Protein chains: 2
Amino acid sequence: MSYVIGIDIGGTNIVCGLLDEQYNLLGKVKQPTEAAKGSDHVFAKINGMIDQLFAETGKDRSKLIAVGAGTPGFIDSDRGVCLFAGNLGWRDLEVAKLLGEYVKVPVFIDNDVRMYVYGETIKGSVQGVDHVYGITLGTGLASGMVNDGKLYYGGGYMAGELGHVHIDGESTPCGCGMKGCLETIASATGIARQARERITQGEESVMQAWFPEGDLSGLTATHVSKAYDEGDRLAIDIMNYTGTVLGKALAYAITLFSPNALVIGGGAALAGERLFKPMREAIQANVYSGYWDKLSIHQGTLIDDGGLIGSAAFARSRV
Amino acid sequence: MSYVIGIDIGGTNIVCGLLDEQYNLLGKVKQPTEAAKGSDHVFAKINGMIDQLFAETGKDRSKLIAVGAGTPGFIDSDRGVCLFAGNLGWRDLEVAKLLGEYVKVPVFIDNDVRMYVYGETIKGSVQGVDHVYGITLGTGLASGMVNDGKLYYGGGYMAGELGHVHIDGESTPCGCGMKGCLETIASATGIARQARERITQGEESVMQAWFPEGDLSGLTATHVSKAYDEGDRLAIDIMNYTGTVLGKALAYAITLFSPNALVIGGGAALAGERLFKPMREAIQANVYSGYWDKLSIHQGTLIDDGGLIGSAAFARSRV
């Protein structure tokens, strides 16, 4: 039995998982990233987390054959270089080489959303499907395409930034510097923002009563889902609009990439049918029937662990 | 010296070319397809055209090592099967096997637009570029992506039907059965249709004088280009609208596929800057700067011969 470590390096936390040959997750640990302390601090911390995992599970670290890590941003997975990751402060950082010096086994890196989508094809909702397009709806919206079992990168390893297509009639400033990007609407952040703004502009909602002081900063997409279930008109309208806008954008992705399956992950995927129903309707209305007929749509089943499983499988496929 | 034949099998005509190892086009012949007479008739005719090419060029047919052919529709290029080509009346036809029995060398087939885009990367405007997205603007609008030097297919070999994304506010019936598809606007046919409809609805244009009988059925995209050059307001408006709508759709393709170069082929590409200027502006306004900064945009240089060169190179790469 050999082992692989899968890692999700986020702007806030690092999660490390220990996986066996069947990608069973034998153990998982989480620590704050503390990227501001420098990449060496992050890499040393990861090495300590790996020690902890082997100690806690009673497994033998000498059987570790590779480490896979997903990070946000643009990643040259062939050279193992993080080209740019804004929320880690990394630019042209040789992560595979540098982290490899700490962990003493080969390290393979890729974009975290690609790793997540790949994970869903390995052991999740779309296991074994050859052509899968996946998105994650969290703070932002990102996507990855697995084509014929392999991740699609495009020039500059930049493919799939569906969150940054422009939506007609929208002008909310986006973190990327543009305005009206899809992720300002179709993301956990975007759903919450729409609710806060529309309530502030005077629209009625049951959500108002949940924030009696009038400070809506704590309002999240989960509140919008809850209000939706109470029949709240504003919440229903926001979910319908978000799902429709998302579905129209996905129609482009489906037409261009021609996946056989679509998988939706990330925190806002927990909105489930509230969001998926209008999304499905918009997809069907906006794609040629040949695409729709062969498409299956799935809520991701590896919301928390998809990145770890994908990273581990990616590393094992390359070692 | 070995030779390869490149073929473009269209609904109206078949064009065969004889190419050497450097993809120089040594000779070219054209004949009506006559698809209604059956696929055997078409394949026998192609074999005769190949004989004619070798006779006319004085080359030795025994040095022919492969035939590549592009056809419209959905093509399983791995098995050499035409899954569906409406204007040839072919469905699940084993073209590679059947044509191979006539020509006595290995036959490789693919979608005609993919062959064209591949041709542009082999010996055209984007020679040697690794990541190229290409479209052809003719009767319709189709596209192909060359990713890391290889054609992208997606599930069901259906990737890239950009002509059939829906455009908000448009409702012209499309040949695919939907309404308001991009190709009802952004194609040679779509440009001409817009002009005919708007003149019929009473808009003023210099083009009216070119059809004194009032029968606008002969009005083509070339007339719109000519009117544009005379400062005709309607023609300018049509080119601006078409370029803008096309650019917005291309923004999706660029964001999802992340090409380093975009190439525009097909008859309507001859509109050149009249169309490309508003298209470029719409792309730049609708994509993240990281995509725009690395993107070069090219008018195809192999308008007539790209498909032959691409087909020949495709066959040579597989033989």
Side-chain angles (χ1 to χ4, degrees), chain A residues 74 78 83-84 129-133 143 145-148 150 152-169 174-182 248-261 282-283 285-296, chain B residues 74 78 83-84 129-133 143-148 150 152-169 174-182 248-261 282-283 285-291 293-296:
Chain A
F74 297 125
D78 292 315
L83 303 172
F84 179 65
V129 183
D130 271 350
H131 298 87
V132 176
Y133 184 67
S143 81
M145 177 73 202
V146 174
N147 178 54
D148 223 0
K150 293 187 197 72
Y152 179 94
Y153 295 102
Y157 300 88
M158 284 172 66
E161 289 289 345
L162 187 70
H164 300 286
V165 293
H166 179 79
I167 303 304
D168 273 344
C174 180
C176 76
M178 298 200 297
K179 288 179 176 178
C181 290
L182 177 60
K248 284 186 179 182
L250 285 170
Y252 277 85
I254 291 160
T255 301
L256 292 165
F257 281 130
S258 189
N260 295 327
I283 293 172
N286 286 280
V287 297
Y288 169 65
S289 60
Y291 295 109
W292 177 255
D293 292 345
K294 71 180 172 69
L295 186 73
S296 60
Chain B
F74 297 124
D78 292 315
L83 303 172
F84 179 64
V129 182
D130 271 350
H131 298 86
V132 175
Y133 184 66
S143 81
M145 177 73 203
V146 174
N147 178 54
D148 223 1
K150 294 186 196 74
Y152 178 94
Y153 295 101
Y157 301 87
M158 285 173 64
E161 289 288 344
L162 188 69
H164 301 285
V165 294
H166 180 79
I167 303 305
D168 273 344
C174 181
C176 76
M178 299 200 296
K179 288 181 177 179
C181 290
L182 176 60
K248 283 185 178 181
L250 285 170
Y252 277 84
I254 291 160
T255 300
L256 290 166
F257 281 131
S258 190
N260 295 326
I283 294 172
N286 286 282
V287 297
Y288 169 65
S289 59
Y291 295 109
D293 293 346
K294 72 180 171 67
L295 186 74
S296 60

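No hydrogens, no waters, no symmetry mates; every other heavy atom, side chains included, goes into these values. Chain identifiers are assigned alphabetically (A, B, ...) following the order of the sequence lines, protein sequences preceding nucleic acid strands; residue numbering begins at 1 within each chain. Nothing here was measured: the structure is a model prediction, and the numbers come from that model.
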> What part of A:Tyr157 lies closer than 4.5 angstrom to a heavy atom of chain B: side chain, backbone, both or neither?
Replying inline: neither

> Tell me, side chain or backbone of A:Met158 under 4.5 Å from chain B's heavy atoms, or both, or neither?
Replying inline: both

>> If I measure from the heavy atoms of chain B, does A:His131 come under 4.5 Å with its side chain, its backbone, both, or neither?
In response: side chain

> How far does CG of A:Leu182 sit from CD of A:Glu161, to the nearest 0.5 angstrom?
Replying inline: 11.5 Å

> Relative to chain A, which segment of B:Asn286 carries a heavy atom at a distance below 4.5 Å: side chain, backbone, both, or neither?
Replying inline: both

> Considering all heavy atoms of both residues, which atom of A:Asn260 and which atom of B:Gly156 are nearest to each other, and what is their separation?
Replying inline: OD1-N, 4.5 Å

> Which atom names give the shortest non-hydrogen contact between A:Pro259 and A:Lys294, and what distance separates them?
Replying inline: O-NZ, 3.1 Å

>> Ignoring hydrogens and geometry beyond distance, is a side-chain donor-acceptor pair present between B:Thr255 and B:Tyr291 at under 3.5 Å?
In response: no

> Parallel under 30°, tilted from 30 to 60°, perpendicular over 60°: which one fits the rings of A:Tyr288 and B:Phe74?
Replying inline: tilted

> Which pair of non-hydrogen atoms, one from B:Cys176 and one from B:Cys181, has the smallest distance, and what is that distance?
Replying inline: SG-SG, 3.7 Å

>> On a heavy-atom basis, which atom in B:His166 and which in A:Tyr252 lie closest, and how many Å separate them?
In response: O-OH, 3.9 Å

> Quick one: what part of B:Tyr133 sits under 4.5 Å from any heavy atom of chain A, side chain, backbone, both or neither?
Replying inline: side chain

> B:Lys248 versus chain A, heavy atoms under 4.5 Å apart: side chain, backbone, both or neither?
Replying inline: side chain

>> Please classify the contact of A:Ala249 with chain B as side chain, backbone, both or neither, using a heavy-atom distance under 4.5 Å.
In response: both

>> Heavy-atom cut-off 4.5 Å, strictly under: side chain, backbone, both or neither for A:Asp148 against chain B?
In response: neither

>> Which atoms of A:Tyr152 are under 4.5 Å from chain B, going by heavy atoms: the side chain, the backbone, both sets, or neither?
In response: side chain

> Out of A:Ile254, A:Val287, A:Val132, A:Leu295, which one racks up the most heavy-atom pairs below 4.5 Å with chain B?
Replying inline: A:Val287

